[in-house]
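Heads up, the thing below is written out as structure tokens.
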Amino acid sequence: MENLFSLAADNLVSPIILSFVLGVAASLARSDLSIPEAAAKALSIYLLFAIGFKGGVSVAAHGIDARLGLALLAGIILSAALPLVAFALLRLMTAMSRLDAAAVAAHYGSISIVTFVAATSVLESRGIAAEGYMVAVAAAMEAPAILSALWLVARGGGGDSKGMDGALMREIMLNGSIVLLVGAFLIGWATGEEGLAEISSFIVSPFKGVLCLFLLDMGLVAGRGLRQGGGILTPSVLAFGVLMPLIGAAAGLATALALGLTPGGVTLMMVLSASASYIAVPAAMRVALPEANPSLYLTLSLGVTFPFNLTLGIPLYVAVAQALTGG
Amino acid sequence: MENLFSLAADNLVSPIILSFVLGVAASLARSDLSIPEAAAKALSIYLLFAIGFKGGVSVAAHGIDARLGLALLAGIILSAALPLVAFALLRLMTAMSRLDAAAVAAHYGSISIVTFVAATSVLESRGIAAEGYMVAVAAAMEAPAILSALWLVARGGGGDSKGMDGALMREIMLNGSIVLLVGAFLIGWATGEEGLAEISSFIVSPFKGVLCLFLLDMGLVAGRGLRQGGGILTPSVLAFGVLMPLIGAAAGLATALALGLTPGGVTLMMVLSASASYIAVPAAMRVALPEANPSLYLTLSLGVTFPFNLTLGIPLYVAVAQALTGG
Amino acid sequence: MENLFSLAADNLVSPIILSFVLGVAASLARSDLSIPEAAAKALSIYLLFAIGFKGGVSVAAHGIDARLGLALLAGIILSAALPLVAFALLRLMTAMSRLDAAAVAAHYGSISIVTFVAATSVLESRGIAAEGYMVAVAAAMEAPAILSALWLVARGGGGDSKGMDGALMREIMLNGSIVLLVGAFLIGWATGEEGLAEISSFIVSPFKGVLCLFLLDMGLVAGRGLRQGGGILTPSVLAFGVLMPLIGAAAGLATALALGLTPGGVTLMMVLSASASYIAVPAAMRVALPEANPSLYLTLSLGVTFPFNLTLGIPLYVAVAQALTGG
Amino acid sequence: MQTHKAKRVEITIEAVMQSRLTDALKKAGVTGYTVLPVLGGSGRSGEWSRAGQVSRASGMVQVICIIRPERLDGLLEGAFAVVERHIGVVSVTDCDVLRAERF
Amino acid sequence: MQTHKAKRVEITIEAVMQSRLTDALKKAGVTGYTVLPVLGGSGRSGEWSRAGQVSRASGMVQVICIIRPERLDGLLEGAFAVVERHIGVVSVTDCDVLRAERF
Amino acid sequence: MQTHKAKRVEITIEAVMQSRLTDALKKAGVTGYTVLPVLGGSGRSGEWSRAGQVSRASGMVQVICIIRPERLDGLLEGAFAVVERHIGVVSVTDCDVLRAERF
Ligand SMILES: Nc1ncnc2c1ncn2[C@@H]1O[C@H](COP(=O)(O)O)[C@@H](O)[C@H]1O
Ligand SMILES: Nc1ncnc2c1ncn2[C@@H]1O[C@H](COP(=O)(O)O)[C@@H](O)[C@H]1O
Ligand SMILES: Nc1ncnc2c1ncn2[C@@H]1O[C@H](COP(=O)(O)O)[C@@H](O)[C@H]1O
Ligand code: NA
Ligand code: NA
Ligand code: NA
């Protein structure tokens, strides 16, 4: 536990976390500091490309085994199942409508790639190795949660939902971040260490610095959301935003232990299960469940669960993963 | 020839090429992956600045000789003459109107700076030196082709063409990419190795990685063009898009050998002659020949000739240049 | 003096200065070269983050002393007092209206962070150390000048001025560049050398290269301003644009010597006092003194004083600071 | 100069719905439209701004469509079917156009 | 389709004044508005372009506001108080809207 | 508030033609205009989008020009000479403006 606290404290004074804090503070203080939309998108493209590529290179180096397939499958199942838990919890704990609860639940089944990236960089600085293919697991976990949520809505009287049509399905499966992540993963895999050597001074060395600026931007956006939508954060909603990642992490932990992943892999599976989407799922919800309240899911995901995972969650997951794997 | 195939194969699994392929694939699959316009322009500014600067530094290091002037002159002549060949070929091979044929021809006389950049990076990784002033030759080859094409149109009954006016002439000669390329070349030349040392961790180390993202963007744009304008690619038009670069490369080869350039210089002269513009010339054509069909020239240049040069052309040109110079 | 000339000459052929010159030249020649707004903003965010962070790290390394407080106070007084000097000088030397003179004066009391950054990079390449907290002094000097200018207007018959309201005050104190600079400074201070090690390949190595592109952009914008607003540069206005930075530098010099700063610190205090704002103050003037002519203050600040400081001013200030501190 | 009566329809809609809307417009016989970016706005669903956004979820665009008056009803019906359950605004203005053969 | 008469007010104003304008609009009872980016322009105060600008000082935005006709006067007075001493343009057009209950 | 009749001319034109158009407008006595960015669109020459574009060849802009009614014909003639052979759309709307002395 001492380990845990020192890890958390270390984590908290890293430039990455403090950049996020700066963004939130600037937003709450109503500074006009902002990162242009195009620059924010460019940063996210960089991060997805880099993390995907490095994952692929690591797979090229260590080869793949049967576990890759199992991990992918496990990820898909987690992504599809966690929204059911989240939905039940929301209906139990809060006064949310079925529709809103389903929309929020979709976010918690899916994943946040920046949380994953932040965890990767903590693992790296601690020298803890992880399976490179966890990037592919991350990609696989993006979409299934959406289907579960739409099923929840349809079951409760489809009148509210446009349901899923072919166009939406294609949009979800081929949304930019999945395609870039998987594409970069495949490129990294194909070109291996040699490919990495060519571009490592672009995708490895400046990585953490870019992550700082990206987290600054996320802080700014999260702060704006809290300022405008903070009213929806009743105590029970807030409690959900902290409890659900812990439940997700526990599910991820059990799965990862069953699969026999490395300590790093266990951590990442916990992080993926604990994190909530804020890119792909919100866009899908606007199309499929336009009547659900976006403040609810965006504020919860970006304003509560993301900072929780970033500051306390990740060090906790690392500590637990290490303790339970003896890593 | 074995050398050629292994070179081509090596070339094909590089992160640079695969990033382009990823872009094309994402576009064809109708993913919403896209790079913001501002970010794409920023990447291109970076590449132009870096390649111009490094060219200038190399001239500062090795000095200049009479060949620089001759190479510039040769470049201008090639750029002016190749459109005549392209035009004749198009009228012979395809059913294109005079106007469309002239517009397409202008693109093939001019150059694609990304193709040049990609070739430079292949040369570098093979350890083949090239004249630094080839960057200046590239700049010199941008514009003359446009004049030739407008002359072709005027000759065939000027009614179709607005012809060249002073404003257009100034726009072409001072278009952003020429000015940046030449400007950075002069800065590199003036500040030399010392200047390079100051900024090399910006313009040298991350260069290839940035190129990957830029090619991803070009792939996305090319794929979109193929999806929307692919219909114009009749077999004869397609054949032109592959034949013309080979003819250009042959002309560049003969010229470069006559000038006595190094193997690297020969390669780059071939690449410049073989490549087709997709930045400066399309913009000039929209002004001067608005009735010409932009799908035609953009699809051919970006969707056919660029990928051909990138994947097969460059390794071929390197192999031929090495074989014929004994380099 | 020899030292001074060689320093100035060295300074003039650096990639940084030449990039600015390229931008001005391209603009004056009416090239369409331009950096997208989003990219320019991203570059400025990078520079502010990097310079603030490095300042903070340096404070973490060397500790703070009573001088920090005194330097901040001195900066605030300089910022508040210099507009009075500038105003008197403008009314004496030029035919400017009270309103325009006050608006211009506000710019000269405040600071230009890029001039500061450029000076820092000259100091670094000369191996001259400076107090890390000068970054905080820079931040402290942004706003007071605005209050002085508004006071000048109010005194002369408030009818012209909207005066200062709470909203404007908050906007000025919390404008994006101050918040980012101070925030990054605090993050650097909190995370220290360890934090720097994590992100130095992002904020240190490529710094000068990024600065080149940013100065290219500033050159483009300054050139456009000179082309459009150059008419307002009567000889007396022009003379002010060169004289005022020298007066500011002298005031900064006296203050810094009194405070007993290092040679680097003295230089930076001179640079801050000599430089004129072109981000925060123009925006504040548009709100508070909308009738003042923006061409006047923008052309003077960005088109005259900035290039003067960049090319001749900085080497002069370095030489004087070294001579007078025996550094 | 010779101008012709036309209708200018302006639809402010969520970016995620853009392709669905333009598909519907095409089905309604619309031959052209122009899409403008939107920086931010405010309405019953609150205030929003594009600054710093990475997700497409919280952006809007403005689709402008100039058509012959007789086509208006078809267009509005097509557009309405898409916009109906979504936030956004549809407005129609009378205008005159040059080169009427284009519409 | 059923449409309703409304007014479309378009205010081109300096970016630094945007929040002051939208605050004034809200005070005047406006329930919604949309902000478009502006690339550049020209007027009595000269030509300008957003390209390469870092400062907010020299940018403009266009605020579009669709309202019921009876609210127009209140809106214009609120807007005018903000715009009065600043550069910029205010124009009003008649339009028809769907879903009038939203305005 | 006191408003005045004016015409709002909106010209959607290729970005490469922007400076030629605004030069022509100035020659036709136009004292001001505003340029909006365009994200994409569709017309007889196909669909396009600005995303990822590096070349200026395939972008458009929207030039908005508010003028006194009596100046409309001069403006349209000037604009038409530039737009004639190019893709793009010109529309004119009646509007009311504040501060008529500015136009
Ligand atoms: N009255 C209005 N005038 C102009 N734009 C509006 C208006 N009402 C809503 N909008 C735009 O439509 C978006 C969604 O509005 P709403 O559906 O009311 O939340 C807003 O964010 C604005 O961009
Ligand atoms: N007649 C006009 N039509 C459209 N926009 C205008 C007009 N006049 C001014 N503007 C816009 O308002 C800004 C300021 O105009 P001004 O106050 O005349 O300097 C210009 O830069 C244009 O963007
Ligand atoms: N009916 C229309 N309504 C609005 N914009 C149009 C219309 N027709 C064409 N446009 C715009 O003008 C561009 C060129 O149109 P076209 O000349 O028909 O190819 C299109 O890409 C659209 O941006
Ligand atoms: Na999850
Ligand atoms: Na060529
Ligand atoms: Na100053």
Side-chain angles (χ1 to χ4, degrees), chain D residues 6-15 21 24 28 34-51 53 58-67 69-96, chain E residues 1-40 50 56 59-69 72 75 78-79 91-103:
Chain D
K7 295 282 181 181
R8 188 175 176 285
V9 183
E10 213 176 86
I11 307 171
T12 305
I13 194 176
E14 292 173 274
L21 174 64
T34 296
V35 185
L36 303 186
V38 176
L39 269 190
S42 179
R44 297 173 315 155
S45 57
E47 222 173 311
W48 63 276
S49 148
R50 201 141 187 168
Q53 294 287 357
S58 48
M60 300 192 86
V61 294
Q62 194 167 93
V63 177
I64 296 172
C65 197
I66 296 174
I67 46 157
E70 61 267 27
R71 291 227 168 130
L72 180 63
D73 252 11
L75 186 161
L76 289 183
E77 259 149 49
F80 187 71
V82 175
V83 178
E84 197 183 353
R85 300 176 56 232
H86 288 266
I87 64 173
V89 172
V90 180
S91 79
V92 183
T93 322
D94 289 314
C95 69
D96 297 290
Chain E
M1 291 198 68
Q2 173 70 26
T3 59
H4 305 263
K5 295 272 161 237
K7 296 282 181 180
R8 189 176 177 284
V9 184
E10 213 177 86
I11 308 171
T12 305
I13 195 177
E14 292 173 273
V16 286
M17 299 302 292
Q18 180 185 324
S19 62
R20 286 174 177 79
L21 175 65
T22 53
D23 287 352
L25 294 179
K26 279 178 211 153
K27 272 200 200 126
V30 163
T31 58
Y33 57 82
T34 295
V35 185
L36 303 187
V38 177
L39 269 190
R50 201 142 187 166
R56 284 190 317 142
M60 300 191 86
V61 293
Q62 194 166 93
V63 177
I64 297 173
C65 197
I66 296 174
I67 46 159
R68 295 164 180 269
L72 180 62
L75 186 162
S91 79
V92 183
T93 322
D94 289 315
C95 69
D96 297 289
V97 293
L98 295 186
R99 308 198 281 186
E101 70 283 3
R102 306 208 153 198
F103 299 95

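The figures that follow rest on heavy atoms only: side chains count, while hydrogens, waters and symmetry mates do not. A note on names: the letters A, B, ... follow the listed sequences, proteins ahead of strands, and every chain is numbered from 1.
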Could you measure the distance from the [atom1] atom of [X] to the [atom2] atom of [Y]? Nearest 0.5 Å is fine.
{"X": "E/T3", "Y": "D/L72", "atom1": "OG1", "atom2": "CG", "result": "8.0 Å"}
{"X": "E/Y33", "Y": "E/L21", "atom1": "OH", "atom2": "CG", "result": "8.5 Å"}
{"X": "E/H4", "Y": "E/L98", "atom1": "NE2", "atom2": "CG", "result": "8.0 Å"}
{"X": "D/L39", "Y": "D/W48", "atom1": "CG", "atom2": "CH2", "result": "7.5 Å"}
{"X": "E/T22", "Y": "D/E47", "atom1": "OG1", "atom2": "CD", "result": "6.0 Å"}

Heavy-atom distances under 4.5 Å only: say whether E/T93 touches chain D with side chain, backbone, both or neither.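 Side chain only.
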Contact part of E/D94 toward chain D, heavy-atom cut-off under 4.5 Å: side chain, backbone, both or neither?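 Backbone of E/D94 only, per the 4.5 Å heavy-atom cut-off to chain D.
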Where on D/L76 is there a heavy atom nearer than 4.5 Å to chain E: the side chain, the backbone, both, or neither?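 Both parts, heavy atoms under 4.5 Å.
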With a 4.5 angstrom heavy-atom cut-off, is it the side chain or the backbone of D/V9 that approaches chain E, or both, or neither?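 The answer is neither part of D/V9.
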E/K5 vs E/D96 side-chain heavy atoms within contact, under 4.5 Å: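 Answer yes - side chains close enough.
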Between E/A24 and E/G78, which heavy-atom pair has the shortest distance, and what is it?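 In this case the closest contact between E/A24 and E/G78 is CB-O, 3.8 Å.
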Any side-chain to backbone donor/acceptor pair from E/R99 onto D/E84? Under 3.5 Å, distance only.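 Answer holds: yes.
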Option in D/S91, D/G43, D/S42 with maximal non-hydrogen atom pairs under 4.5 Å from chain E: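 Ranked by contacts with chain E, first place is D/S42.
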Counting only non-hydrogen atoms closer than 4.5 Å, can you tell me which residues of residues 60-68 of chain E sit against chain D?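 Within residues 60-68 of chain E, the residues that come under 4.5 Å of chain D (heavy atoms only) are E/V61, E/I64, E/I66.
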